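Numbering starts at 1 and runs along the sequence shown. Please read all numbers here as calculations on a predicted model, not as lab measurements.
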Amino acid sequence: MVLLHWKQRMAGSLRQARSLVNAYPAHVQEPRTVEVAGVRWWLREGADAAALAPLLARALQQRDGAEDLRSGRRKRLFRLALGSGGEPEHLLKRSGYRPSRGWLRHARGSKARRELRIAEALARRGVPVVVPLAAGERRRAGRLVECFLLAPLLADAVDLRRLWSDPALAPGERRGLAVSLGGIVAAAHAAGLFQDDLAPNNVLVSGAGAGRLRLVDFERARLRWLLSTRARSRMLAKLARTAAAVPATQRLRFLRAYAGDAAQARRWWARLRSEAPRLARRDDTRMRRTAVRNGRRFQAFERGDSRGFTRRGLDPGLVLGGAPAGLPPAAGSVRVEIDGGVWRVVYPRASERRMRGLWARANTLAARGLAPLPLAVRSDPDHTLLIYQPGAGARPPGATACGAAERWAVARLLRELEGFGELRAELAPEALVLIPTGTGRLRAQLLAPHAFRFGGRCGGRRSRGLAARLLASLGPPASGVQFDRSASDNSQDG
């Protein structure tokens with residue numbers, strides 16, 4: 001009896017799915033829609049269908065010959081010049097769907113339609129956003145094949161991440177941007193926006209005055225009636241992750257503008273500190289999958305008896321040329337070489353799993369601003385090398401007499417590391433590098449990823465002891481650039 005009832009329910013579900021597929025051509029005949037070149041377009045509020053239809057047709061025609069700004073597996077971006085001026089003034093986003101996903105998206109609509117609805121809702125609620133012109137869907141036999149989103153480009157607009165990294169930006173301008181960003185994020189959260197990828201590159205800066213910031217890209221966003229404190233903490237923690245190089249004073253200024261007063265800003269600061277380790281562990285887990293496969297950012301290589309991973313587009317000669325000086329390090333030790341414009345951390349030959357772990361952790365630390373940018377990892381019969389991008393004016397703390405500025409930079413790095421995990425190996429000054437910042441201060445970064453672990457006890461007693469011994473060792477450069485790893489690091493934690 002139960003089996004018969006289950007079969008009847010399944011048959012009813014199949015009939016309902018067939019009715020949806022058959023009813024699709026009639027279902028899309030709604031106001032604010034127009035069909036152009038086999039694509040059904042949903043127009044934004046107040047748009048004139050007769051005026052937009054030729055624009056949409058030109059967009060579909062030009063995308064084949066336009067420059068692809070992001071050539072991914074299913075997502076592509078095009079800058080299009082649809083007017084008579086010749087300069088690009090529109091952005092077209094195209095997203096493809098696997099066959100299994102096309103049927104699931106039939107009733108709910110595409111991600112382009114959802115992004116248009118979210119942008120319109122936020123605009124009605126007073127949040128400064130860039131509202132797309134139209135969202136289009138192409139279907140075959142009722143199955144969603146691809147979707148499009150056409151949005152206007154703001155004149156002279158630049159994303160906040162690129163603008164903030166400009167060394168020519170005045171200090172007063174930086175303070176104003178931090179306050180404006182706090183205000184616009186607070187308005188978006190008050191409107192119910194939950195944006196999973198909240199980041200400075202999703203904020204455009206255009207023009208002058210208080211209303212120069214605009215939010216864009218709601219592909220991974222949702223609207224809720226009320227945002228919980230946990231949801232806000234998650235979004236703000238992700239935003240803080242991308243602002244690792246921003247001084248703490250600017251981050252506090254952002255939180256003060258977001259929260260409304262200094263007391264609430266301090267509470268948010270404490271919440272973000274507690275959220276950071278969980279987010280860092282998740283990022284490290286994802287990096288272990290991303291950094292060791294061929295993709296948009298990374299690629300594997302194998303040449304002769306050397307193999308490893310590099311950043312996409314890197315010159316192989318930089319990885320394969322130049323053998324490390326001297327004999328391989330003894331078991332349980334590493335050697336740091338900073339010469340000739342390349343920074344190399346030399347290990348004894350490590351296993352494949354160990355090499356993958358070193359490469360992934362170095363990239364996670366670099367994304368947090370705690371390490372220089374790693375270019376490649378390479379293993380040969382004698383060594384495993386981790387190669388970093390050199391920085392102008394960089395030096396290890398022990399290269400000259402260590403003063404108060406150098407000690408302060410190293411102590412700050414150790415405090416930041418303590419917020420994400422724990423040290424698990426002895427460190428010598430040569431395992432760090434000091435980099436001058438645009439404000440004239442020094443910033444310390446870690447060259448030895450094996451000595452740190454995300455998670456753990458987040459600055460436990462042993463980790464604090466290792467940090468104290470490192471600070472005590474700062475002084476004249478030591479003879480011989482070797483330091484021992486602790487016995488606990490002998491486990492292959494890649």
Over 12 non-hydrogen atoms of neighbours within 6.0 angstrom of [atom1] in [X]:
X    : atom1 : value
R273 : CZ    : no
D156 : CG    : no
R162 : CZ    : no

Residue pair E418, R464: steps toward the salt bridge (Lys or Arg N to Asp or Glu O under 4.0 Å) verdict:
CA-CA 8 Å; E418 183 180 328; R464 291 195 301 269; 5.3 Å; no
With the side chain counted from C-beta on, respond yes when [X] and [Y] share a heavy-atom pair under 4.5 Å apart, and no when they do not.
X    : Y    : answer
L92  : R76  : no
E422 : F452 : no
L236 : H189 : yes
L160 : V205 : yes
I118 : V129 : no
V203 : L215 : yes
L252 : R266 : no
L133 : P152 : yes

Restricting to non-hydrogen atoms, name the atom on [X] and the atom on [Y] that form the minimum distance, rounded to 0.1 Å.
X    : Y    : answer
D261 : A263 : OD1-N, 3.1 Å
G183 : A257 : N-CB, 4.3 Å
S233 : L272 : O-CD2, 3.7 Å
G136 : A112 : O-CB, 4.5 Å
V131 : R44  : O-NH1, 3.1 Å
L116 : P132 : CD1-O, 3.6 Å

Can any side-chain N or O of [X] pair as donor or acceptor with the backbone N or O of [Y] at less than 3.5 Å?
X    : Y    : value
D283 : T364 : no
R311 : P374 : yes
R453 : R424 : no
R253 : R175 : no
S206 : A155 : yes
W269 : L255 : no
Q195 : D217 : yes
E146 : R94  : no
D159 : P200 : no
E120 : E45  : yes

Between [X] and [Y], is there a side-chain N and carboxylate O pair less than 4.0 Å apart?
X    : Y    : result
E416 : R412 : yes
D196 : K238 : yes
R58  : E89  : no

What's the spacing between [X] [atom1] and [Y] [atom2] if we round to 0.5 Å?
X    : Y    : atom1 : atom2 : result
L153 : H90  : CG    : NE2   : 8.0 Å
R297 : R312 : CZ    : CZ    : 12.0 Å
Y258 : I184 : OH    : CD1   : 13.0 Å
Q445 : L432 : CD    : CG    : 10.0 Å
N363 : L358 : CG    : CG    : 11.5 Å
Y388 : L446 : OH    : CG    : 6.5 Å

For the residue pair R271 and W268, would you count it as a cation-pi contact if the rule is NZ or CZ under 6.0 angstrom from the ring centre and within 45 degrees of the ring axis?
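Verdict for W268: a cation-pi partner in R271.
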Evaluate the side chain to side chain contact (heavy atoms under 4.5 Å, CB included) criterion for residues V410 and L442: first the C-alpha distance (whole Å), next the side-chain angles of each, then the deciding distance (0.1 Å), finally the verdict.
CA-CA 9 Å; V410 174; L442 291 175; over 6 Å; no
Derivation and outcome, side chain to side chain contact (heavy atoms under 4.5 Å, CB included), residues L193 and L227
CA-CA 8 Å; L193 176 66; L227 284 181; 5.6 Å; no
Residues S110, E137; criterion side chain to side chain donor-acceptor pair (under 3.5 Å); working and verdict:
CA-CA 7 Å; S110 63; E137 296 179 357; 3.0 Å; yes
Output, in order, the C-alpha distance, side-chain angles, deciding distance and verdict of side chain to side chain contact (heavy atoms under 4.5 Å, CB included) for H450 and R361.
CA-CA 8 Å; H450 74 276; R361 187 166 301 170; over 6 Å; no
Could you give me the CA-CA distance, side-chain angles and deciding distance for L80 and L55, then say whether side chain to side chain contact (heavy atoms under 4.5 Å, CB included) is met?
CA-CA 11 Å; L80 304 177; L55 198 70; over 6 Å; no
